[in-house]
Amino acid sequence: MKDVRLLHGDLSPGNAMTAFSAAHPEAGGIVSFVGKVRPDGDVEALELRHYAPLTLAGMQQLAEATLARWRLDGVLLHHRTGALKPGDPIVLVAAAARHRRDAFEAAQFAMDHLKSDAWFWKREKRADGWRWVEPRGQDHADLARWT
Amino acid sequence: MKDVRLLHGDLSPGNAMTAFSAAHPEAGGIVSFVGKVRPDGDVEALELRHYAPLTLAGMQQLAEATLARWRLDGVLLHHRTGALKPGDPIVLVAAAARHRRDAFEAAQFAMDHLKSDAWFWKREKRADGWRWVEPRGQDHADLARWT
Amino acid sequence: MGVKLVFLGKLADLAGAPDKDVRGPLDWRGLLDALPGPLGEAARGDTVRLALNGTVLADKAALGAADGDEVALLPPVSGG
Amino acid sequence: MGVKLVFLGKLADLAGAPDKDVRGPLDWRGLLDALPGPLGEAARGDTVRLALNGTVLADKAALGAADGDEVALLPPVSGG
C-alpha cells in the first residue's frame with residue numbers, strides 16, 4: 001500500500017503517522033523520517049517549487065520502486081511545496097514492514113531520492129536575500145549507495 | 001538530551017514523538033522506529049520481563065553510547081514491560097540530528113541493541129502455551145554490524 | 001498559441017519569469033536561439049534537463065515541439 | 001536473611017519460582033549445589049550470566065555472595 005501526497009498546505013507528521021500505523025496493523029515495525037526547516041543559522045524562509053506534470057508522478061514511481069525493492073507492508077511519502085518557515089515539516093517518509101531492517105533501508109532509500117532525485121526546487125531566504133539550494137556532496141553520496 | 005523510559009503501562013508513540021519533536025526544534029531530521037506485537041500468526045499474548053537493578057540503567061547506558069557515537073541533538077528509548085496483546089507497541093526509538101544519515105544510523109544502533117543486548121526477556125502465548133523467545137540469527141547479525 | 005517554455009528553479013530567475021511563449025515548431029537549436037545569454041548557457045549545461053509535455057527527454061538535442069506543446073527546463077533538483 | 005537468587009526468563013520456569021533464598025556465603029560451587037538438575041545445567045551454560053547486586057560478573061566462577069546479597073541468573077535476552 002502506498003500513501004503519496006504532494007501537500008500545498010500543512011504537513012502534520014503526527015496525524016499522518018497515526019493513520020499510517022492504523023492502516024498497517026500487520027506490520028511489526030514502522031520507521032519514519034521527518035525533515036524540518038532548520039531554525040538554526042539565519043534562514044528566515046524557504047520556498048519549495050515543483051512542476052505539476054512531473055513531481056507527483058515521480059513520487060508515485062519512487063514509492064513503487066521502494067515497494068519493489070524491499071519486503072514492505074506499506075510506504076508513505078508526503079512532501080510539502082510552497083512557502084515554509086523555520087521549524088515547519090518539509091517531508092515525511094515512512095515504511096512499515098515485518099522486519100525492521102527492511103523498514104529502515106526502505107525509508108532511507110526513499111528519503112535519499114526525495115532529497116536529490118525528485119522534481120523539487122528549493123530556495124532559502126537569508127539576510128542577504130534568496131538563494132537556490134543544490135544538493136550537498138553528501139546527498140549525492142547517499143543517493144549513490146542505492147545504484 | 002536523552003529520554004529513556006521503562007514503561008509498565010501503555011506506550012503512546014504519537015504523544016511521545018510529538019513531545020520529542022517539540023523538545024528538539026533545532027534538529028533538521030528525526031527518525032523513529034515503532035515495534036509492535038505482530039497480530040499475524042497465532043500469537044495470543046506477549047509478556048516482557050525485566051530485572052529492575054539492570055534494565056533501566058542498561059537503557060540509559062545505551063542512550064549514552066548512541067549519543068557518543070553519532071552527532072545527535074537527542075535520543076529517545078521507550079520500552080514496555082509486562083503483559084501485551086497483539087497490536088500493542090512494545091518499543092519506540094527516536095533520534096534527532098542535523099543530518100539524516102546520523103539519525104537513521106543511531107536509531108538502528110539503538111534498536112539492534114534493545115532487541116538482543118538489553119535486559120529484557122520475552123515470552124509468547126500461542127495455542128500450545130507459553131514459549132520463551134530468543135533472538136533470531138538476523139538479530140545477532142544486526143547487532144554484530146556495530147562492533 | 002505557441003510553444004510554452006517553463007523555467008524551474010534558478011532558471012526562472014535567469015528568465016525573469018516562470019514561463020515564456022515562443023513560436024513553434026521548436027527544435028533544440030531553435031530553443032537555444034530563443035534563450036538570451038545566461039539562460040541559453042544554463043540550458044546547454046549537462047545538469048539541465050528538458051521535459052516535453054511531462055516526459056523527460058533522454059537527449060535534449062532530440063527536442064521536437066509544436067504549437068500547443070509545453071517544454072520545461074529542469075535545473076538540478078533539491079527536495080526534503 | 002540469606003542470599004536471594006533471582007531467576008529471569010526461562011530460568012524462572014525451570015526453578016518453578018521467580019526467586020529463592022539460600023544460605024550465605026555463596027560461591028560459584030555453592031550456587032551450583034543449590035540448583036537442582038536442569039537449572040544447574042542451564043546456569044553452567046555460556047549463555048547464562050550472573051549479576052551480584054546489580055553488577056554483571058565478567059567471570060561467573062568469581063562469584064562471592066554474602067547474606068543480604070542478591071544474585072540474578074540471566075539467560076539470553078530478547079527485547080523489542
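Everything numeric here is computed off the predicted structure, so don't read it as measured data. Below, read A as the first sequence line, B as the second, and so on, with proteins coming before strands; counting in each chain starts at 1. Because only heavy atoms are used, hydrogens play no part in the values below, and waters and symmetry mates are left out as well, while side chains stay in.
- Taking all atoms of both residues into account, the shortest heavy-atom contact from A/Pro135 to C/Ser78 is CD-CB, 4.2 Å.
- The environment of CZ in C/Arg23 is sparse: at most 12 heavy-atom neighbours from other residues, nucleotides or ligands sit within 6.0 Å.
- For A/Arg69, the CZ atom counts as densely surrounded, since its 6.0 Å shell holds more than 12 non-hydrogen atoms of other residues, nucleotides or ligands.
- In this structure, C/Arg49 places its CZ atom where only 12 or fewer heavy-atom neighbours from other residues, nucleotides or ligands lie under 6.0 Å away.
- Between the side chains of A/Trp132 and C/Asp13, at least one donor N or O lies within less than 3.5 Å of an accepting N or O.
- Note on C/Gly9, C/Pro76, C/Ala72: by heavy-atom pairs under 4.5 Å with chain A, the leading option is C/Gly9.
- Across every non-hydrogen atom of A/Arg49 and C/Ala12, the tightest pair is NH1-CB, 3.8 Å.
- Heavy-atom distances place the backbone of A/Leu114, and not its side chain, under 4.5 Å from chain C.
- To the nearest 0.5 Å, atom CG of residue C/Leu8 and atom CH2 of residue A/Trp121 are 3.5 Å apart.
- Between A/Asp117 and C/Val77, the closest heavy-atom pair is N-CG2, 3.9 Å.
- Summarising the geometry of A/Met111 relative to C/Gly80, their closest heavy-atom pair is CE-CA, 4.0 Å, with the distance given to 0.1 Å.
- At a 4.5 Å heavy-atom cutoff, A/Asp139 makes no contact with chain C through either its backbone or its side chain.
- In this structure, chain C has no heavy atom under 4.5 Å from any part of A/His113.
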